[in-house]
Each structure stands twice: as structure tokens, then as C-alpha cells.
Amino acid sequence: MWGSNGRDNSLSSYLQKNKEQIKNSILNEKEEYLLNVGKENYILHLTEIHSIEYLELLREDAYVESKEEPIPAEHFPMNFNVYAGKRYPKQVFYFRTPFKGNPHLLDYLPSSFSLSFPSIDKKGNIISLRVVQFTDNMDEINREYESTVSSIEDRMRNTNSDIKQFNDGLESLISSVFEHRKNEILKRREQHAQLIVPMKRNDSVSDTFVIPLPNIKKRISVKPIVTEKGFSPDPTLDNETYLDILKIVNDMGKEFERKPSVYANKDEETLRDHFLMLLEPKFEGSATGETFNKSGKTDILLRYNGSNVFVGECKFWKGKKSLLSTIDQLLSYLTWRDSKTAIIMFVTNKEFTNVIDTGKETISEHPNFIKFDTQHDETWNNYIFHTDGDKNKELKLALMMYHTPR
């Protein structure tokens with residue numbers, strides 16, 4: 001759709017340009033920044049600054065101003081006895097209606113629009129409607145205002161529909177471009193590392209490497225994506241392996257609920273050991289790594305070269321304060337980027353549903369909380385956190401709750 005100025009004035013074209021600008025902003029980031037920034041925080045930041053505010057007409061804040069103006073005779077209705085070329089004084093009403101959102105959005109045609117949209121005058125975030133009083137019937141003037149406002153609201157609804165589609169796809173778009181660019185950088189650096197003559201570099205590289213999804217019998221092995229002279233990349237557990245671990249934990253937790261008489265009156269350490277008995281036979285450590293082990297009374301650990309790549313903490317539910325304290329305790333174990341963790345709560349309260357709701361509300365109150373990630377069932381939710389003191393070192397935290405009445 002082309003305007004009188006010869007430019008495409010469709011809203012879809014405007015939104016597409018916004019997407020291109022977002023892509024270019026990511027592609028133009030410094031390589032070291034993309035390799036080191038916390039992915040989720042970065043995506044949330046870009047999503048927030050590039051989300052488009054919805055248009056909203058503030059009818060309740062509308063006001064009217066009036067003044068007498070000379071009106072050209074040709075603007076008068078046919079039944080007026082006026083002379084061509086003359087001007088006659090008339091009362092003029094200016095209806096001012098504020099609105100929220102980017103004023104320029106009203107210059108673009110949404111995917112659905114009416115050809116009869118009225119001509120409006122806007123200055124900043126105020127729409128002005130000029131009505132000349134040719135009649136003493138104020139109902140006619142009011143109807144003209146209402147008709148115009150109704151047309152504006154229809155346009156805003158159609159515009160907001162297109163904006164919603166844009167906003168809903170922002171996070172996915174940013175994540176896709178970010179991952180593609182980061183993988184592109186890592187692939188190129190891996191290729192450079194294979195050259196028999198070292199690449200000349202002016203900057204140091206900070207990367208992560210993945211413990212790939214092992215085969216059954218599941219073997220946890222470590223393969224760095226990039227190796228640089230004098231640099232030891234951070235280990236991180238493959239996400240599929242992480243979910244495999246959590247599924248095993250979840251199966252055992254459901255077993256506690258199905259057979260309360262068998263597991264009643266067990267302490268945290270005993271219940272924790274049931275998880276370990278299921279996990280240890282299903283995973284095999286690498287030559288330099290370690291399989292699952294325990295630390296203290298409640299921890300489930302998977303370690304690599306002395307560092308924790310998975311930490312599970314088993315606790316009885318004792319309220320909001322206890323949950324926040326457990327998160328603090330768990331975070332204190334972590335130093336590596338992209339660690340995978342779980343808090344496994346045994347709930348003895350009769351009102352189990354209330355506890356689940358409280359847990360969901362409480363976890364978002366922690367200062368290291370970034371966002372909700374995924375829900376696997378009513379009692380198992382995954383979240384994104386960051387480590388203490390470094391918002392770019394993000395980690396996954398699963399909150400898993402099981403009803404274990406005594």
C-alpha cells in the first residue's frame with residue numbers, strides 16, 4: 001500500500017523494518033559480548049526495548065475548546081444564505097482526545113482497515129477534531145464527535161492486532177538470531193583452532209562447551225567446542241540430559257505420592273537416597289568426570305573435574321522463607337555458566353495445591369530470578385536464574401514438589 005508520498009505506508013512494512021533493525025543490532029554486537037552475555041537476560045532486554053506499546057484512546061481524558069473563527073462561504077451547508085468568496089464568523093469546537101502509544105502508528109495502514117477513516121489532526125499524543133457549529137442542535141455535534149472517535153478506535157484495534165502478532169513473535173525472533181549468530185561465531189573459531197598456524201587475535205575468547213546427550217547406557221562425556229591457548233571453557237550439562245535427570249526424579253517423586261505408607265516418616269536424606277539409587281545406574285561418568293554423588297544430607301550432585309554441573313537439593317516444605325533460603329544455598333554451590341539445578345520439595349501439608357501456588361509465587365521474588373521457562377506438569381516447573389554477582393552467568397532451576405504426608 002503506497003501513500004501519496006510514494007512510500008509504502010502499510011503497517012506490515014513498518015513492522016518488518018523493525019524486525020530487520022533488531023536482527024542487525026544483534027549481528028553488529030561484538031563477538032565477545034555475544035559469547036559471554038547471559039542469553040535469557042539479553043533476550044528479555046531486547047524484547048522489552050523493541051516491544052511496541054499498544055494504542056489506547058483515553059476518552060475519559062477528552063476535553064473541548066471553542067473559539068470564533070472566520071469560515072469561508074464554500075464550507076457552509078447549501079441552506080445558508082452566504083456569498084461566495086466571503087468569510088463569516090462561526091463558533092468552532094476543538095475536541096482534544098489524548099491517547100497512549102506511538103503517534104506515528106496512526107500513519108500506517110494495518111492489515112485490516114476502513115477506507116472511510118476520517119481525516120484527523122494529531123499533535124504529540126493528542127488527537128484533535130475540529131467541528132464548525134452550523135446548527136444549534138448540539139446532538140448533531142456530539143454525534144459527529146462520537147462517529148469520529150468510533151472510527152479511530154476501530155483503527156486502533158486493527159493496529160493493535162498487528163502489533164500483538166509482532167510482539168508475540170519477538171522473543172522467538174531474537175532467540176533465533178542470537179543462537180544462529182553465536183553458533184556461527186563458535187563454528188568459525190573451531191575451524192580456526194584446527195589450522196596448523198595459529199590465528200592472530202587481539203582479544204581473548206570466553207566460551208562454553210557442552211556435555212553432549214549420552215547414549216544408553218547414558219555416558220556423560222565432555223567435548224569442547226573451542227579450545228584457546230591458556231583458556232579453560234566452562235562445562236555445561238546438555239539440556240536433554242538435564243531433562244532426563246529431572247524425569248527420573250519426577251517418576252520417583254510420583255512414586256512417593258502413590259505409596260505414602262511406604263515412604264511416610266522418612267527423613268530428607270533417606271528420600272534423597274531413593275533418587276540416587278535410580279540415577280546412578282542410568283548414567284556413566286566420563287574418564288575425567290564423576291557420576292552422581294551426595295554432599296551433606298540433602299544434595300544430589302553431578303560433577304565434572306571437581307565442579308558441579310548439576311545440583312539437586314532435597315528439602316521438606318517449611319514455607320516461603322525456607323524456599324528462598326534453599327535457593328540461596330543452592331546458588332552458593334554454583335560457579336559455572338549455564339549450570340543445571342533442581343529443588344525437590346517434600347510437602348506434608350494437607351492443602352497441597354495452596355503450597356504449589358505459594359511456591360510459584362515465591363520463586364519469582366528471589367533477586368536472582370530472571371523468568372519462568374517451562375511447565376512439565378502441575379508440580380514441576382522450570383525457571384531461569386543467574387548466579388550470585390553475575391547476571392550473565394545464567395542457570396536453569398527446576399522446582400519439583402511432591403505430596404508426602406506423614
Side-chain angles (χ1 to χ4, degrees), residues 1-21 49-167:
M1 290 172 282
W2 299 89
S4 58
N5 56 6
R7 292 186 300 181
D8 187 352
N9 66 344
S10 66
L11 183 58
S12 62
S13 176
Y14 170 80
L15 296 176
Q16 184 59 39
K17 288 177 181 177
N18 278 22
K19 291 179 181 179
E20 294 302 323
Q21 290 174 356
I49 66 173
H50 289 291
S51 291
I52 298 177
E53 182 182 4
Y54 295 105
L55 296 174
E56 179 185 358
L57 198 64
L58 304 176
R59 278 202 186 209
E60 66 278 8
D61 296 328
Y63 59 94
V64 66
E65 297 175 333
S66 67
K67 59 181 178 178
E68 192 176 74
E69 295 181 7
I71 305 301
E74 55 267 27
H75 292 174
F76 278 66
M78 292 293 293
N79 59 333
F80 273 76
N81 185 21
V82 294
Y83 296 97
K86 298 280 187 178
R87 290 176 176 265
Y88 298 89
K90 277 293 178 182
Q91 187 78 4
V92 179
F93 295 103
Y94 288 89
F95 292 89
R96 319 284 194 190
T97 310
F99 68 97
K100 292 181 180 179
N102 183 349
H104 297 299
L105 288 173
L106 288 173
D107 298 332
Y108 296 96
L109 292 175
S111 55
S112 177
F113 63 92
S114 171
L115 292 174
S116 60
F117 187 68
S119 176
I120 59 174
D121 177 37
K122 64 181 188 305
K123 291 183 179 178
N125 280 76
I126 295 180
I127 293 174
S128 294
L129 171 65
R130 180 176 180 269
V131 181
V132 181
Q133 185 181 357
F134 291 114
T135 175
D136 291 333
N137 187 346
M138 301 307 291
D139 286 341
E140 288 187 17
I141 295 175
N142 288 333
R143 281 195 294 271
E144 185 172 351
Y145 167 74
E146 287 291 341
S147 175
T148 302
V149 166
S150 179
S151 295
I152 294 170
E153 288 179 327
D154 283 343
R155 169 65 66 86
M156 287 185 170
R157 274 192 291 271
N158 292 333
T159 298
N160 287 342
S161 178
D162 289 356
I163 292 172
K164 184 177 187 305
Q165 188 174 0
F166 172 85
N167 286 345

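We number each residue from 1, following the sequence as shown. Note that these values count all heavy atoms, side chains included, but never hydrogens, waters or copies made by symmetry.
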Within this structure, what is the [atom1]-[atom2] distance for the pair [X] and [Y], rounded to the nearest 0.5 Å?
X    : Y    : atom1 : atom2 : answer
S12  : K17  : OG    : NZ    : 10.5 Å
E146 : D139 : CD    : CG    : 11.0 Å
S111 : Q165 : OG    : CD    : 7.5 Å
L109 : S13  : CG    : OG    : 11.5 Å
T97  : N125 : OG1   : CG    : 12.5 Å
L15  : I163 : CG    : CD1   : 7.0 Å

salt_bridge(E53, K100) N-O dist < 4.0 Å: no
Considering all heavy atoms of both residues, which atom of [X] and which atom of [Y] are nearest to each other, and what is their separation?
X    : Y    : value
P110 : F113 : O-CD2, 3.3 Å
M156 : L57  : SD-N, 3.7 Å
P103 : K122 : O-CE, 3.0 Å
I141 : T135 : CD1-O, 4.4 Å

Note, [X] side chain near [Y] side chain (heavy atom, < 4.5 Å):
X    : Y    : answer
V131 : Y145 : no
L105 : I52  : yes
F166 : K19  : yes
Q16  : N18  : no
Y54  : N167 : yes
D107 : Y14  : no
F93  : M138 : yes

Listed pairs under 3.5 Å, donor-acceptor, residues 69-85 side chains, sequence neighbours left out:
unit_1: E69; atom_1: OE1; unit_2: Y94; atom_2: OH; d: 3.4
unit_1: E69; atom_1: OE1; unit_2: R130; atom_2: NH2; d: 2.9
unit_1: E69; atom_1: OE2; unit_2: Y94; atom_2: OH; d: 2.6

D136 atom CG: more than 12 heavy-atom contacts under 6.0 Å: no
Heavy-atom donor-acceptor pair, N160 side chain to L55 backbone, under 3.5 Å: yes
S147 side chain to R143 backbone, donor-acceptor under 3.5 Å: no
F99 and L106: CA distance, side-chain angles, deciding distance, side chain to side chain contact (heavy atoms under 4.5 Å, CB included) verdict: CA-CA 11 Å; F99 68 97; L106 288 173; 4.1 Å; yes
Trace of the side chain to side chain contact (heavy atoms under 4.5 Å, CB included) decision for I126 with Y63: CA-CA 11 Å; I126 295 180; Y63 59 94; 3.9 Å; yes
Listed partners of E153 passing salt bridge (charged side-chain N to carboxylate O under 4.0 Å, His left out), at least two apart: R59
